Amino acid sequence: MSDDTIDRVAVLGAGNMGHGIAEVTAMAGYDVVLRDIEPEYVEDGYESIRWSLEKLEEKDRLDEPADAILERIETTTDLEAAVADADLVIEAAPENLELKHDIFADLERYADEDTLLATNTSSLPITDIAEAVDTPERVLGLHFFNPPVKMDLVEVIYGRETSDGAAEAGHDWVESIGKTPIYVRKDVRGFVVNTIVGPFVGEPAWMVSAGDAEIRQADAAMVHERGYPMGPFELADLTGIDVGYHVRKEAGDDVPPITAEKVQAEELGKKTGKGFYDYEGGDGPDYEPGQGEGFDTLQVEARMINRAAYLVGEDVATPEAIDIGVRLGLGFPEGICRRADRIGLDRVLETLETKLEETGDDRFEPHPYLRELVAQGKTGEEAGAGFHEYGDTDAGDLDSYRYLDAEIEDGVLEVELDRPERMNALSADLLGEIDDLFSTVDTDELRCATIEGAGDRAFSAGADIGGFGSLEPTDAMDVTPAFETVNEFPRPVIAKVDGYCLGAGLELALACDLRIATKRSSFGAPEIGLGLIPGGGGTQRLMRVLGETRAKELVFRGNHIDAERAADWGLANRAVGRDEFDETVEAFVDDLREGPPLGLEVAKKVMNRGEDASLEAALAMESQGFGLLIGTDDVREGTAAFAEDREPEFEGR
Ligand SMILES: C/C=C/C(=O)SCCNC(=O)CCNC(=O)[C@H](O)C(C)(C)COP(=O)(O)OP(=O)(O)OC[C@H]1O[C@@H](n2cnc3c(N)ncnc32)[C@H](O)[C@@H]1OP(=O)(O)O
């Protein structure tokens, strides 16, 4: 089984998840059949897809017209017809084991014997669902997150009998639709993401129930001190307090009294108008940044980390998969295993042991894998190893970055800002990595560098606003080093802008030498809307690149301008259609790759430095540079090639 053999996909169930999965599948070019039991369910699902595709089209986020994508989606109520020619079937029916058994029994009857059978369940064991078929080796979980069109993560889950071939085919297919798959190698309750989120919501509920914390205090601390996108009680209100309650009950776990009280009072969260917060009489989650003081965030994080230790120790998932899962599935600011390594696993273990001793509650029982890591001295980043290994991030070690993807390809340092779930927002860690990479990478074999953003939304939407709450003024004043390092990098740097290029993202692009944009991109300095000013060189570089009139328009008004205007203003070198983007960048890269490294280095230095000097001093710098170059092998090669009417081959000497 391989994803090469997948052309046609059947999605069973046209509800929220089903129609979303059908939509992203068709967007990736596959033919899809969407099936539900009643014509009106299928019609509703199809109309929801049309609505969503039209929205995406309006925002210029589709590579082809919405109608062309819709044409690839057929609808039916006939299960046999839906699956007869399908290479992959994804069941997205309600979470009822009996119902799923009926569907899978039908699948065995009507689908081809090679057809891959997937379930999008989030709460039932894959192994139990696969019991309905004689060929459980081809049954796997493909757990999409809601809404599939927005969420990048898909958990690829093994049932007890799932073959490696089936799981790999599912994994490759997920990649082929532009989503990020993570393997869940054992069929454990909650898979990866829900296993970790359990204590995020549950532990603060225990703490409040015990009188050790207040609701607003917990939410404020987790959001404003620890950078989580939502507070635990805010999240519980959003997903439904009863949902978490039933998950716990089914797992045979105790329920925190405060949660049980809310369920009993039918105050289930946002959907009932009241939960931990009041959505009708009040303003919903109304906690403030300063309210978190005194809340023990480590107690909550230690429990999540203990769950991560369980997942790794029991071979359910790798630390890398867990970290991707919580970042993409939950919007966590960093992977929980990375965070654990930064906190120190010895501290985490100590916290759990102390709490276990104090309470006697086995929810604090440290997993043996956590004990094992600590016993081996693998206590985290400072020790050089923890969940992850920490190599030397010195020159050449391009794999050691968390938020950057960097590789050297044919003399070009290709860098990708890798936080697509946050529109590649520049956190302090990401800025630190940019600074480290550009100041340590060995430039001998390099001719130029490119920087782009991961995902299809943004180059970068600016500094990470989520981290602002916990910033001290002195930290906030420290964003510029990364930009200066890029600006002073001895090779030309091209910003490849496809999507939003805002705030600190714009400042990073301005620190680059050249900027090539797709027409759908937009540029802006929206900081003023936050009561701020650009803090990464924006006020000064915009003045130099655009002149006072346009620079002040961008900074004072905080508006976005489109790429064509940016090119017109001289902010971007080119604004091209997405279909011409790669070839335009490649043409620039080719010229830089073939150009004389020393000549380009000196040109960059003289032009950057000269800009702030008097004309006289700048001209003197230029003359010096010219003189320095004239005796180099590259100039000899350049002039010889000219005389011999051939292309020069510069060596950088
Ligand atoms: C010294 C420098 C200072 C600065 O740079 S200050 C920051 C300047 N930048 C901004 O103010 C831009 C902030 N972002 C936006 O205005 C919007 O986003 C966009 C217009 C770029 C896109 O809007 P839409 O299409 O509605 O997407 P979405 O739901 O707002 O964003 C998707 C996810 O990306 C996260 N995100 C976007 N920008 C940032 C950011 N700058 N810092 C942290 N997170 C960001 C969101 O929160 C959300 O995440 P979730 O899906 O979990 O809700």
Side-chain angles (χ1 to χ4, degrees), residues 52 55-62 145-153 193 197 200 222-224 226-231 234-235 238-239 285 326-334 403 417-432 434-435 453-471 473-484 497-511 520-542 554-555 557-562:
S52 166
K55 283 262 165 235
L56 292 172
E57 191 169 44
E58 267 169 35
K59 292 185 184 168
D60 205 11
R61 290 188 49 204
L62 296 180
F145 287 70
N146 195 12
V149 74
K150 190 174 168 206
M151 301 294 283
D152 266 338
L153 185 72
V193 171
V197 84
F200 177 78
M222 295 308 277
V223 171
H224 295 294
R226 302 300 288 160
Y228 292 95
M230 234 180 241
E234 186 182 6
L235 179 61
L238 191 71
T239 49
V326 299
R327 281 176 57 200
L328 298 188
L330 299 170
F332 277 15
E334 66 182 336
Y403 302 112
L417 311 173
D418 191 16
R419 296 187 76 210
E421 72 281 11
R422 287 267 162 273
M423 295 219 179
N424 305 312
L426 298 163
S427 58
D429 287 340
L430 175 49
L431 284 167
I434 295 171
D435 190 26
D456 63 355
R457 301 289 318 277
F459 172 76
S460 167
D464 191 329
I465 299 173
F468 282 7
S470 57
L471 275 188
T474 43
D475 299 331
M477 282 155 64
D478 206 23
V479 289
T480 348
F483 302 133
E484 292 319 298
V497 178
D498 182 25
Y500 291 109
C501 180
L502 304 175
L506 172 62
E507 293 172 308
L508 175 60
L510 283 166
R520 67 171 196 150
S521 302
S522 57
F523 294 79
E527 290 91 336
I528 206 76
L530 301 168
L532 278 168
I533 62 167
T539 55
Q540 302 312 307
R541 289 212 167 90
L542 279 173
L554 277 187
V555 173
R557 297 185 74 195
N559 291 348
H560 300 185
I561 58 168
D562 64 33

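Indexing begins at 1, ligand by ligand and atom by atom, following the structure's order. Below, each value reflects all heavy atoms present in this structure, side chains not excepted, and no hydrogens, waters or symmetry copies. Note that this is a predicted model, so its numbers are computed, not measured.
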- Minimum heavy-atom distance between Arg520 and Asp498, given as atom pair plus value: NE-OD1, 2.7 Å
- Message: I'd like to know if the side chain of Asp152 and the backbone of Leu328 have a donor-acceptor N/O pair within less than 3.5 Å.
- Response: no
- Item | For Arg557, all residues meeting salt bridge (Lys or Arg N to Asp or Glu O under 4.0 Å), sequence neighbours excluded | Glu553
- Closest non-hydrogen atom pair between Ser427 and Arg419, with its separation: CB-NH1, 3.6 Å
- Item | Test item: Leu502 and Met423 side chains (from C-beta on) under 4.5 Å apart, heavy atoms | no
- In chain-and-number order, ligand 1 lies under 4.0 Å from a heavy atom of each of Lys150, Glu421, Arg422, Met423, Ala425, Arg457, Ala461, Gly462, Ala463, Asp464, Ile465, Phe468, Tyr500, Leu502, Gly503, Ala504, Glu507, Pro526, Glu527, Leu530, Gly535
- Donor-acceptor under 3.5 Å (Glu527 side chain, Leu532 main chain): no
